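Below is one structure, written out as structure tokens; the observations come after it.
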Amino acid sequence: MGKDSVRLVANNKKAYHDYFIEDTYEAGIVLVGTEVKSIRMGQCSVKEAYIKVDGTEVYLQGMHVSPYEKGNIFNRDPLRTRKLLLNRFEINKLNGKCREKGYTIVPLKVYLKGNLVKVEIGLAKGKKLYDKRETIAKNDMRREQEREFRDRSK
């Protein structure tokens, strides 16, 4: 595994369905040793997770990291709050946008970048029900066109 290699661990597909993602950021995450081992094995979920900006710090809440089976007493609470590592400019920008009506910050994916665990977070605006229906219709049309193209090319 090289220094620049990226391996996806967890993806939040529901975020793309429920929100318009306007901007994305890469953040480091503060973990303990057994959590890192568990994430390397793919034992992580960000489906119900959300991000909270508290003054000058950003926290990831609700991310589930399964306890490492050989971790015994060193395992931590699977749903504990974890601090995200962003620079001051990014935190201020996110904090300002979050105060606007309709904006939220959601985790999009967790991945390994070299030896580091990273979280991609997105500045998102909620979709209305008709927006979700429109997105589903577009995806269905795209899938149908791909199917037709595949059938014609055979």
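From a predicted model like this one, the values you see are computed outputs, not experimental measurements. Residue indices begin at 1 and follow the sequence shown. Hydrogens, waters and symmetry mates play no part in the numbers below; they use all other heavy atoms, side chains included.
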Open item on the list: Taking the cut-offs as 6.0 angstrom to the six-membered ring centre and 45 degrees off its axis, would you call K125 and F20 a cation-pi pair?
Closed with: no
- [ ] To the nearest 0.5 Å, tell me how far L84 CG sits from Q61 CD.
- [x] 10.0 Å
TODO: Not counting sequence neighbours, which residues clear side-chain hydrogen bond (donor to acceptor under 3.5 Å, both in side chains) with K47? List them please.
DONE: none
- [ ] Taking salt bridge (charged side-chain N to carboxylate O under 4.0 Å, His left out) as the test, write out the residues that go with R88, two or more places apart.
- [x] none
- [ ] Would you please name every residue forming a side-chain hydrogen bond (donor to acceptor under 3.5 Å, both in side chains) with T24, sequence neighbours left out?
- [x] none
Task: Residues clustering with L116 (ILVMFWY side chains joined when closer than 4.5 Å, directly or via others) - done: none
- [ ] Report the hydrophobic cluster partners of V106, with the cluster defined as I, L, V, M, F, W, Y residues connected by side-chain heavy atoms closer than 4.5 angstrom, directly or transitively.
- [x] Y16, Y19, I21, L108
Open item on the list: Between R7 (side chain only) and R40 (backbone N and O only), is there a donor and an acceptor less than 3.5 Å apart?
Closed with: yes
Open item on the list: If the condition is side-chain hydrogen bond (donor to acceptor under 3.5 Å, both in side chains), which residues does E26 pass it with, not counting sequence neighbours?
Closed with: Y111, K113
Open item on the list: Using a strict threshold of under 4.0 Å (side-chain N to carboxylate O), is an ion pair present between R150 and E146?
Closed with: no
Task: SB check R147 E144 (cutoff 4.0 Å) - done: yes
Task: Under-4.0 Å salt bridge between D23 and K97 - done: no
